[in-house]
Amino acid sequence: MTDTVLIAGAGPTGLALAVHLALHDIPVRVIDAAPAPATTSRALGLQPRGREVLERIGALGDLPQRSRSSLTMSYNEGTRTVLRLHVGQAVADQPKQTLLISQAEIEGTLRRRLAELGGQLEWDTRLAAARQDDAGVTATVRTAGGAERPIRTHWLIGCDGAHSTVRKLAGIGFPGRKLLERLLMVDVQARWPLDRNGSTTWMEAGHMLSVTALPDDTWRVFTEPPSQLPDRLSEREIGERVLSEFSRRSGIGLDTVTDLRWASEFRIHRRLADAYRRGRILLAGDAAHIQSPTGGQGQNTGLGDAENLAWKLVLVARGRADRRLLDTYEGERRPLARKVLRATSTAVDIMLPNAPWKRLLRDHVVLPVVRLPAVQRRLWLAASQLGISYRGGPLAPAERRWMPGPRPGDRMPDLACRRPDGGATTLHAAIGGRWVVLADDRHVAARHAAAAAAELGADLVLALTPVEPGSPDVTLIRPDGHIGWRHHPAPDRLTTWLNQVLWPA
């Protein structure tokens, strides 16, 4: 019998994981403690890596048509602009751009895709307890009215955010440190004479205030309040404090503000879970790692977690792989999260220095370098997460033989391909949560696809040929777009590799 999966948390990570599982008929159920879907903007960007994840599971929809792909980010010290970044301009030649769109819109497309696939989503349902044994997990959930009921599942996945109940019930530590003590944030409707295609940030003595344009004459404003400000402010008090500070720094009057749509406060932490798996309980997204929102990495890292975990969980749930395959999820994703946390923390320290000498270093060394187009391009490519590689990880040990081009563990670039029937497609659009065998000769591709299907299942393997031949090797591409195996034509070698991965000794 196919295993069932319970996912706590209906944010982008939980929904993407659920969609991927539902694509392969894994019975999946998503619960969320919120009474209804979020309508506030929260995260505002979908990096190319996250865009690819949605494309591969058929959940991208019309997001590219409803998004912006360029943004001007201005950083001011008082009235002086010390840095201006033209996001998208430095990499206009790239086939996939960052999509600037609300997280709420992204979640909407994922919910619609999940509904198409028959996945269950329950609001107002909170995880209250979880007890696991060797055969599964007994979860107790509580509805808004206080009624409790048990749910028996084979796997419980915590995608329930920084304060994850799943993580706490599993007894997994979440060490880290604060990056910013406190932030106040509002979304307001206003007519302000600021660039509607960008954001403006004022930096003052190590403290910042930032404004970002949203659709419908709406603006996102957030700032660090003074340390003596009382806790537990009402939405009205948060709005008054933030808008007063905005007016002081920008010189813009508040008479054009027509509506305060949302107000909140939060603290920015850098934290990483001690483990991503405890038996039949696993963590993904903010439940496993949180970092500064700098560079828009949080949502996109979570989407990458979901895709990496999903293809492994599909094989285990179907009985095609040993449970130990799930350990490679942490082995591949946790080192990446550590790098993301380090990079975003460094960005905060650089842009918001807390000492005069650090401000001098920023203004006279760091900022002149960052202004260079070549540096901006490298920063964008790093933020895009397209350069992620699992080389040297548990599924891609160091390759002994030299080979040109992408190697096992690397992300396989998108390319034009043909299906066995001759129909045109692209690699990433064709994956659809499956494994792809890529070879210049369609007969060679078919033989290797048959060998892979014997181990993985016929519905999980697709043979493609590139439109432009380029390599004598056969390449097996994982459902997350990374190369699993690459070698000269040899179906028996492919079978051996798959057995080592699926059934480790």
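FYI, the numbering just counts along the sequence from 1. Keep in mind the model is a prediction, meaning the values are calculated, not measured.
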> Just one of E332, E330, R333 clears the side-chain hydrogen bond (donor to acceptor under 3.5 Å, both in side chains) bar with N308, so which one?
Replying inline: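 The passing option is E332.
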Nearest-0.5 Å distance that lies between atom [atom1] in [X] and atom [atom2] in [Y]:
X	Y	atom1	atom2	result
L127	D32	CG	CG	11.5 Å
L46	Q103	CG	CD	10.5 Å
L243	L254	CG	CG	5.5 Å
D160	I7	CG	CD1	11.0 Å
S164	D286	OG	CG	10.0 Å
L99	E105	CG	CD	12.5 Å

Donor-acceptor contact below 3.5 Å, side chain [X] vs main chain [Y]:
X	Y	result
R278	A170	yes
S247	I252	yes
R167	A162	yes
R434	I431	yes
W311	D480	no
R191	T256	no
R411	P406	no
H428	E55	no
R113	G58	yes
D414	L427	yes

Check [X] against [Y] and note the closest heavy-atom contact, atom names and distance.
X	Y	result
L110	A16	CD2-CA, 4.0 Å
E122	T125	CB-OG1, 3.7 Å
R49	L386	N-CD2, 3.9 Å
I101	R66	CD1-O, 3.9 Å
S199	T212	CB-OG1, 3.4 Å
L272	A337	CD1-CB, 3.9 Å

In the structure I gave you, are the side-chain heavy atoms of [X] and [Y] within less than 4.5 Å of one another anywhere?
X	Y	result
H289	R338	no
T109	L60	no
P35	W123	no
V221	V211	yes
I157	L313	yes
I388	H482	yes
L15	R111	yes
R126	T165	no

>> Just to verify, what does A284 make a side-chain contact (heavy atoms from CB on, under 4.5 Å) with, not counting sequence neighbours?
In response: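 Checked A284 against side-chain contact (heavy atoms from CB on, under 4.5 Å); matches are T13, C159, D305, Y329.
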> Mind checking what makes side-chain contact (heavy atoms from CB on, under 4.5 Å) contact with A430, not counting sequence neighbours?
Replying inline: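 Partners of A430 by the side-chain contact (heavy atoms from CB on, under 4.5 Å) criterion, ordered by chain and then number, come out as R419, T425, L462, L464.
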> Checking side-chain contact (heavy atoms from CB on, under 4.5 Å) for the pair M185/V242: CA distance, chi angles, key distance, verdict?
Replying inline: CA-CA 7 Å; M185 179 181 293; V242 172; over 6 Å; no
>> Quick test of your reading of the model: are E116 and R112 salt-bridged, counting only N-O distances below 4.0 Å?
In response: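 Looking at E116 and R112, the cut-off is not met.
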> With the threshold set at 4.0 Å, does a side-chain nitrogen-carboxylate oxygen contact exist between E52 and R56?
Replying inline: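 A salt bridge is present here (some side-chain N lies under 4.0 Å from a carboxylate O).
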>> Set out, in order, the CA-CA distance, both residues' side-chain angles and the distance that settles side-chain contact (heavy atoms from CB on, under 4.5 Å) for W262 and R220, then state yes or no.
In response: CA-CA 9 Å; W262 177 64; R220 157 75 55 82; 3.8 Å; yes
>> Using side-chain contact (heavy atoms from CB on, under 4.5 Å), reason through L117 and V28 one step at a time and then give a plain yes or no.
In response: CA-CA 10 Å; L117 297 169; V28 61; over 6 Å; no
>> Any donor-acceptor pair under 3.5 Å linking the side-chain atoms of R29 with those of T153?
In response: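 R29 and T153 do not have a side-chain donor-acceptor pair below 3.5 Å.
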> Looking just at side-chain N and O atoms, do D410 and S389 make a donor-acceptor pair shorter than 3.5 Å?
Replying inline: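 Indeed, the side chains of D410 and S389 share at least one donor-acceptor pair under 3.5 Å.
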>> Could you check, using the six-membered ring where one of them is a Trp, whether W192 and F246 have ring centers closer than 6.0 angstrom?
In response: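 Judged by ring-centre distance (under 6.0 Å), W192 and F246 do meet the cut-off.
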> CZ of R261: more than 12 outside heavy atoms within 6.0 angstrom?
Replying inline: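 More than 12 within 6.0 Å, yes.
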>> So for atom CZ, which belongs to R241, do other residues, nucleotides or ligands contribute more than 12 heavy atoms lying within a distance under 6.0 Å?
In response: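 Atom CZ in R241 is not packed in, count stays at 12 or less.
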> After noting the C-alpha distance and the side-chain angles of L209 and T200, does the key distance pass the side-chain contact (heavy atoms from CB on, under 4.5 Å) rule?
Replying inline: CA-CA 8 Å; L209 181 140; T200 304; over 6 Å; no
